[in-house]
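Following: one structure in structure tokens, then a few remarks.
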Protein chains: 2
Amino acid sequence: MGENKYLSIYNDLLSKIKNGIFQSGMKLPSENQLVEQYGTSRETIRKALNLLSEHGYIQKIKGKGSIVLDVGKFDFPVSGLISFKELAQKIGKPSRTIVYECDLVKPDEKLKKHLHVTSKDEVWKVIRAREIEGERIILDKDFFNKQFVPSLTREICEDSIYEYLEEELGIKISFAKKEISVDECTEEDKKYLDLKGYTHVVVVRNYVYLDDASLFQYTESRHRLDKFRFVDFARREHL
Amino acid sequence: MGENKYLSIYNDLLSKIKNGIFQSGMKLPSENQLVEQYGTSRETIRKALNLLSEHGYIQKIKGKGSIVLDVGKFDFPVSGLISFKELAQKIGKPSRTIVYECDLVKPDEKLKKHLHVTSKDEVWKVIRAREIEGERIILDKDFFNKQFVPSLTREICEDSIYEYLEEELGIKISFAKKEISVDECTEEDKKYLDLKGYTHVVVVRNYVYLDDASLFQYTESRHRLDKFRFVDFARREHL
DNA sequence: TAGTGGTCTAGACCACCGT
DNA sequence: CGGTGGTCTAGACCACTAT
């Protein structure tokens with residue numbers, strides 16, 4: 001309803017791809033045909049098609065047409081910003097969140113640098129373990145600038161902080177820079193995770209920005225080696 | 001020269017950001033001002049700005065303007081499809097490639113599935129170790145459909161296969177799906193890498209597609225834990 | 001209210017691919 | 001050659017932000 005025209009066309013085409021009306025390997029109708037079918041302008045059609053292309057559902061080829069790809073049906077999101085709650089729902093396995101800490105703290109040096117805050121600011125520090133099928137395999141350490149999040153409770157942390165921020169506070173998360181590396185386990189990891197003898201964890205560092213480009217959150221997500229998986233979809237630029 | 005208008009505007013704005021003419025935190029000129037400055041239409045300006053935004057250099061905010069971000073200066077590429085040669089040049093450390101294998105083989109079951117080929121096809125199998133500062137820390141296993149790559153030599157493998165494919169054969173790599181996980185070391189890893197006691201490796205699986213959407217290459221890149229690093233830049237979709 | 005970015009249109013020309 | 005997608009234009013209206 002309140003949807004943009006190009007978004008509704010995107011969603012319509014996407015559902016037709018997912019339902020097999022447009023099968024992989026086949027060509028989509030040409031842009032001019034789609035202009036006719038949807039009764040809109042070509043640029044609007046092209047916006048919808050470009051979205052499909054960016055998300056890996058089709059490949060556009062000059063002079064030929066738009067081919068439906070067989071990638072795009074990922075279990076995991078494409079280059080994903082996804083919350084644990086969304087993920088847990090997707091994999092459909094019993095899971096829960098254990099909150100170990102949820103406090104306002106003064107930032108130390110490392111945090112000041114990561115969050116771009118000063119000693120005068122206060123910062124929410126949240127430590128949670130994610131348990132899947134009875135094993136705590138992910139340790140999430142979240143730090144929020146208090147300026148953006150006035151209050152926070154353990155109950156919220158057990159559910160989904162993202163949902164609370166977006167739906168209750170109206171905060172719009174915009175994008176994130178993500179760094180992945182493998183680090184040695186810390187004492188904290190050993191204390192809060194079921195490490196089963198693993199000496200290293202995969203560390204995903206997230207720098208989360210708001211719609212207005214201010215740095216809002218720093219997150220460390222520490223995964224047990226054997227349970228880590230990440231899917232990315234990269235387009236090579238011919239610049 | 002043969003460059004598109006929006007690309008040359010993109011590159012011009014980008015160099016001004018990198019040279020500090022547009023500093024981070026500052027606003028870019030408005031779209032209408034840029035229309036004047038570059039003597040072009042607004043949609044063309046918007047294409048250039050959207051590229052900057054997608055690459056993490058600016059953040060566009062409705063009603064306000066385009067803000068220059070301080071991310072965007074990554075050592076590593078943004079959600080990267082990058083060759084080892086490009087990478088080695090970037091980090092500027094002594095490096096070389098050791099070719100252990102470069103043969104035409106019949107695909108086994110696993111490979112048939114990964115590359116979408118049949119027993120009738122032949123496949124190039126290339127095994128290379130990447131040495132940085134005297135240590136072999138990455139093991140690259142590449143498989144190409146012979147249909148696309150008629151010939152291949154050890155010399156080419158020691159240099160850059162990508163350069164050979166793109167410049168000599170005119171093959172255009174278009175996009176890749178990437179999966180990252182951590183696996184136990186195989187005998188092959190122990191044989192070809194300097195593992196320094198590590199029992200696991202980070203495995204990056206790449207499925208590489210051509211411009212015409214055909215699956216072309218399957219690559220496994222196996223990294224020693226302590227030397228692995230990956231940077232990604234994800235935009236949250238408000239669909 | 002004036003200025004910003006977001007969407008949309010109707011037309012144009014081009015480079016590329018097939019026949 | 002006709003059809004395809006890629007670029008570009010000049011205009012319009014809208015939603016949002018500032019003052």
Side-chain angles (χ1 to χ4, degrees), chain A residues 1-13 22 26-54 57-69 170-172 174-175 210-214 235 237-239, chain B residues 1-13 22 26-54 57-69 170-172 174-175 210-214 235 237-239:
Chain A
M1 295 289 92
E3 218 173 28
N4 291 330
K5 197 177 274 194
Y6 78 90
L7 269 182
S8 72
I9 295 172
Y10 164 81
N11 284 320
D12 190 56
L13 291 172
F22 297 134
M26 299 291 95
K27 282 215 280 270
L28 283 187
S30 77
E31 296 183 348
N32 286 323
Q33 285 172 318
L34 292 171
V35 163
E36 292 268 318
Q37 288 177 29
Y38 288 99
T40 182
S41 72
R42 193 169 152 230
E43 284 298 336
T44 301
I45 292 294
R46 285 178 54 74
K47 254 188 174 174
L49 292 183
N50 284 334
L51 261 190
L52 287 172
S53 167
E54 280 161 24
Y57 293 105
I58 64 170
Q59 172 78 355
K60 306 181 80 184
I61 305 170
K62 196 191 296 194
K64 284 172 115 175
S66 300
I67 296 175
V68 180
L69 297 177
I171 286 175
K172 280 194 184 158
S174 169
F175 58 96
L210 299 182
D211 259 6
D212 66 353
S214 53
R235 196 159 289 275
E237 320 268 353
H238 292 285
L239 304 181
Chain B
M1 295 286 93
E3 219 172 28
N4 290 328
K5 196 177 275 194
Y6 78 89
L7 270 182
S8 72
I9 295 172
Y10 164 80
N11 284 320
D12 190 56
L13 291 171
F22 298 133
M26 299 290 96
K27 281 214 280 269
L28 283 188
S30 76
E31 296 184 349
N32 286 323
Q33 286 173 317
L34 292 172
V35 163
E36 293 268 319
Q37 287 177 27
Y38 287 98
T40 182
S41 72
R42 193 168 152 230
E43 285 297 336
T44 301
I45 292 295
R46 285 176 56 73
K47 254 188 175 175
L49 292 181
N50 283 333
L51 261 190
L52 287 172
S53 166
E54 280 160 24
Y57 293 106
I58 65 170
Q59 173 79 352
K60 306 181 79 183
I61 305 170
K62 195 191 300 195
K64 283 174 120 176
S66 299
I67 296 174
V68 180
L69 299 177
I171 286 175
K172 281 197 183 157
S174 170
F175 58 95
L210 298 182
D211 259 8
D212 67 353
S214 53
R235 197 158 285 277
E237 318 270 351
H238 292 285
L239 299 184

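Convention: sequence-line order gives letters A, B, ...; per-chain numbering from 1. Note that this is a predicted model, so its numbers are computed, not measured.
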Distance test, side-chain N/O of [X] to OP1/OP2 of [N], below 4.0 Å:
X	N	result
Lys27(B)	dT4(C)	no
Tyr6(A)	dC8(C)	no
Lys5(A)	dT7(C)	no
Arg46(A)	dG5(D)	no
Thr40(B)	dC8(D)	no

Calculate the interatomic distance between [X] atom [atom1] and [N] atom [atom2]; express it in whole Å.
X	N	atom1	atom2	value
Ile45(A)	dT7(C)	CD1	P	15 Å
Leu49(A)	dT7(D)	CG	C1'	16 Å
Leu7(B)	dT7(D)	CG	C1'	11 Å
Ile67(A)	dG5(D)	CD1	C1'	12 Å

To the closest 0.5 Å, what do you measure between CG (Leu51(A)) and CG (Leu13(A))? 10.5 Å

So CD1 of Ile45(B) and OH of Tyr10(B): to nearest 0.5 Å the spacing works out to 14.5 Å

To the side chain of [X], which of [options] is closest?
X	options	result
Ser66(B)	dT9(C), dG5(D), dG5(C)	dG5(C)
Ser41(A)	dT9(C), dT7(C), dC8(D)	dT9(C)
Lys47(B)	dT7(C), dT9(D), dT7(D)	dT7(D)

Contacts of type side-chain hydrogen bond (donor to acceptor under 3.5 Å, both in side chains), residue [X], not counting sequence neighbours:
X	result
Ser8(A)	none
Thr40(A)	none
Tyr38(A)	Asp12(A)

Quick check on salt bridge (Lys or Arg N to Asp or Glu O under 4.0 Å): which of Lys64(A), Lys60(A), Lys62(A) does Glu31(A) satisfy it with? Lys60(A)

Quick check on contacts: within residues 29-38 of chain B, what sits under 4.0 Å from DNA chain C by heavy-atom distance?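 Hits under 4.0 Å, by residue number: Ser30(B), Glu31(B), Asn32(B).
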
Listed partners of Glu36(B) passing side-chain contact (heavy atoms from CB on, under 4.5 Å), at least two apart: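 By the side-chain contact (heavy atoms from CB on, under 4.5 Å) rule, Glu36(B) matches no residue at all.
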
If I compare all heavy atoms of [X] with all of [Y], which pair ends up nearest, and what's the gap?
X	Y	result
Arg42(A)	Val35(A)	CA-CG2, 3.5 Å
Leu34(A)	Pro29(A)	CD1-O, 3.6 Å
Ile58(B)	Leu49(B)	CD1-O, 3.5 Å

What stems show up for DNA chain C when you take Watson-Crick pairs (N1-N3 plus N6-O4 or O6-N4) and G-U wobbles (N1-O2, O6-N3), both under 3.5 Å, and require three or more consecutive pairs? C:1-17 with D:2-18

Check nucleotides 11-17 of chain C against the protein and report each pair of N or O atoms closer than 3.5 Å, with its distance, or say if there are none.
| residue | atom | partner | partner atom | Å |
| --- | --- | --- | --- | --- |
| dA12(C) | N6 | Arg42(A) | NH1 | 3.4 |

Could you tell me if the side chain of Glu54(B) sits less than 4.5 Å from the side chain of Glu54(A), heavy atoms only?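 Yes, close enough: below the 4.5 Å cut-off.
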
Would you indicate whether the side-chain heavy atoms of Tyr57(B) and Val68(B) approach each other to under 4.5 Å? no

